[in-house]
Number of protein chains: 2
Amino acid sequence: MPETPAPATVPEKIRLNDLVCFAVYSANNAFNRFYKPIMAELGLTYPQFLVLMALWEEDGQGVGQLGERLGLESNTLTPLLKRMETAGVIERRRDRADERRVAVQLTPSGRDLEARAGALLACVPQATGMTTDELVELRTAVERLRDNLACARDGD
Amino acid sequence: MPETPAPATVPEKIRLNDLVCFAVYSANNAFNRFYKPIMAELGLTYPQFLVLMALWEEDGQGVGQLGERLGLESNTLTPLLKRMETAGVIERRRDRADERRVAVQLTPSGRDLEARAGALLACVPQATGMTTDELVELRTAVERLRDNLACARDGD
DNA sequence: CCCAATTATATCGTGCGCGATTTAATCGTG
DNA sequence: CACGATTAAATCGCGCACGATATAATTGGG
């Protein structure tokens with residue numbers, strides 16, 4: 001007879017490296033580190049760059065729309081947008097028709113960064129060490145994971 | 001003849017949703033949000049939980065070893081570990097043989113959390129909406145991405 | 001028309017994550 | 001043994017991310 005009785009379900013120690021969440025966590029940190037010097041060249045941070053991308057797709061979005069696009073709320077976006085305004089890449093202006101809303105507009109300087117960003121980010125696919133097809137598949141899977149987690153948190 | 005001459009490489013507007021980095025970024029945020037109430041039940045934050053997992057695998061690790069395991073440095077870990085010490089789940093003590101080093105030891109309270117954590121995290125695979133096989137494949141791909149980015153940043 | 005409910009942003013406090021620097025202990029070479 | 005170089009951790013400042021709350025504008029019944 002073994003000293004320790006076998007439990008109904010083997011508890012099987014969970015290890016850090018078995019967790020998808022840790023892989024995502026550490027990959028996100030790795031992306032941040034990789035992007036930092038590139039973004040510094042543009043005078044931006046990585047989250048600020050994501051905001052700019054959203055604005056290059058559609059200028060003049062409100063804080064709420066940007067938040068929906070990026071998965072962030074005003075408590076994160078407001079100070080971030082203020083820093084971007086100070087940096088001179090966007091302008092924030094109250095909507096005349098509805099003074100609660102704040103529209104975020106690119107400045108010429110903010111628009112100009114789009115071309116520069118394209119060149120600076122060209123090195124990224126190479127750095128991932130993955131093929132275009134692999135990247136598309138990976139992205140799709142990560143998006144599915146993200147969306148499932150988000151809706152599991154709300155209404156299941 | 002087309003109005004706009006075709007450039008050598010088509011600049012093809014990059015959209016937010018095409019970026020793997022944004023998928024990883026937003027998935028990491030989603031994980032954080034999903035884990036927050038679970039971790040609160042344990043009196044922990046998500047990064048603190050990751051530290052505990054590393055210690056459950058091997059107790060008494062130094063700050064540097066923990067950092068290597070988690071991909072963090074002392075500037076992040078030191079204050080985090082101090083909060084965990086205040087919370088009573090670990091103890092930090094200077095190594096007698098080498099006074100530069102600080103060993104991190106689980107307290108009984110910190111050890112006890114392992115069993116509770118297992119039960120609380122049982123809901124996670126379900127929430128991802130992915131099969132076990134899909135999760136393994138996804139984790140492997142994300143780890144590869146992370147490791148490639150990290151070594152591209154250093155010596156290529 | 002008024003006022004409670006709703007909506008949009010902003011504010012505040014806390015905990016990361018990290019670049020830059022500091023402090024302190026150990027090592028290595030003479 | 002001395003002393004500069006190296007190593008380990010800690011400190012500092014900044015920018016997210018977010019829960020909780022506040023402020024201000026609009027909406028909708030009665």
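Within every chain, numbering begins at 1; the chains are lettered A, B, ... in the order of the sequence lines, protein sequences first and strands thereafter.
Residues satisfying the side chain to side chain contact (heavy atoms under 4.5 Å, CB included) test with A/Asn75, not counting sequence neighbours, are A/Glu73. Every residue meeting the side chain to side chain contact (heavy atoms under 4.5 Å, CB included) condition with B/Asn29, not counting sequence neighbours, appears here in chain and number order: A/Leu72, B/Tyr25, B/Arg33. Listed by chain and residue number, nothing satisfies the salt bridge (charged side-chain N to carboxylate O under 4.0 Å, His left out) test with B/Asp18 (two or more places apart in sequence, or in another chain). A/Arg100 meets the side-chain hydrogen bond (donor to acceptor under 3.5 Å, both in side chains) test with A/Asp98; sequence neighbours excluded. The side chain to side chain contact (heavy atoms under 4.5 Å, CB included) check on B/Glu57 picks up A/Arg15, A/Leu16, B/Arg69, with sequence neighbours excluded. For B/Leu120, the side chain to side chain contact (heavy atoms under 4.5 Å, CB included) test picks out B/Ile38, B/Glu41, B/Leu42, with sequence neighbours left out.
The interatomic distance linking B/Glu73 (CD) with D/dA8 (C1') rounds to 12 Å, in whole Å. Rounded to whole angstrom, the span from the CG atom of A/Leu72 across to the P atom of D/dG19 amounts to 11 Å. Summarising the geometry, the separation between CE on B/Met39 and P on C/dG15 is reported as 17 Å, rounded to the nearest angstrom. Note: CZ (A/Arg33) to P (C/dG19) measures 8 Å, nearest angstrom. If you measure from atom CG of A/Asn75 to atom P of D/dT21, you get 13 Å, rounded to the nearest angstrom.
Side chain of A/Thr107 to backbone of A/Gly110: a donor-acceptor contact under 3.5 angstrom is found.
Interatomic distance, A/Leu106 CG to A/Leu113 CG, rounded to the nearest 0.5 Å: 9.0 Å. Interatomic distance, CG of B/Leu77 versus CG of B/Leu66, reported as 6.5 Å (0.5 Å rounding). Note: B/Arg139 CZ to B/Met130 CE = 12.5 Å, rounded to the nearest 0.5 Å. Between the CD atom of A/Glu85 and the CD atom of A/Gln105 there is a distance of 11.5 Å, given to the nearest 0.5 Å. The CG atom of A/Leu70 sits 10.5 Å away from the OG1 atom of A/Thr76 when rounded to the nearest 0.5 Å.
The stretch residues 83-101 of chain A touches DNA chain D through A/Arg83, A/Ala97, A/Asp98, A/Glu99, A/Arg100, each having a heavy atom under 4.0 angstrom from the strand. Residues from residues 41-58 of chain B placing a heavy atom under 4.0 Å of any atom in DNA chain D do not occur. Of the residues in residues 60-70 of chain B, those lying under 4.0 Å from DNA chain D by heavy-atom distance are B/Val63, B/Gly64.
The number of heavy atoms from other shown groups lying within 6.0 Å of CD (B/Glu137) does not exceed 12. In this structure, A/Glu99 places its CD atom where more than 12 heavy-atom neighbours from other residues, nucleotides or ligands lie under 6.0 Å away.
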Polar atoms only, N or O, under 3.5 Å: list the protein pairs with nucleotides 1-3 of chain D and their distances.
none

Pull out every protein N or O sitting under 3.5 Å from an N or O of nucleotides 1-4 of chain C, one pair per line with the distance.
none

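Of the side-chain N and O atoms in A/Lys82, none sit less than 4.0 angstrom from OP1 or OP2 of D/dG15. For A/Thr76 and D/dA17, the shortest distance from a side-chain N or O to OP1 or OP2 is not below 4.0 Å. Residue A/Tyr25 places at least one side-chain N or O closer than 4.0 Å to OP1 or OP2 of C/dG17. In this model, the phosphate group of C/dT9 is not approached by any side-chain N or O of A/Ser74 to a distance below 4.0 Å at OP1 or OP2.
Across all strands, A/Asn29 comes closer than 4.0 Å only to sugar-phosphate atoms, never to a base (heavy-atom distances).
Each of B/Lys36 and B/Ala103 has a nearest nucleotide on DNA chain D; the 5'-most of these lies closest to B/Ala103. When each of A/Leu77 and A/Ala30 is assigned the nucleotide of DNA chain C bearing its nearest heavy atom, the one mapping closer to the 5' terminus is A/Leu77.
Among residue pairs with one or both ends in residues 116-134 of chain A, those qualifying as salt bridge (charged side-chain N to carboxylate O under 4.0 Å, His left out) are A/Glu134-B/Arg144; sequence neighbours excluded.
Side-chain contact between B/Val51 and B/Leu81: present, with at least one pair of heavy atoms (C-beta onward) separated by less than 4.5 Å.
A perpendicular orientation is assigned to the rings of A/Trp56 and A/Phe49, their planes being inclined by more than 60° (bins at 30° and 60°).
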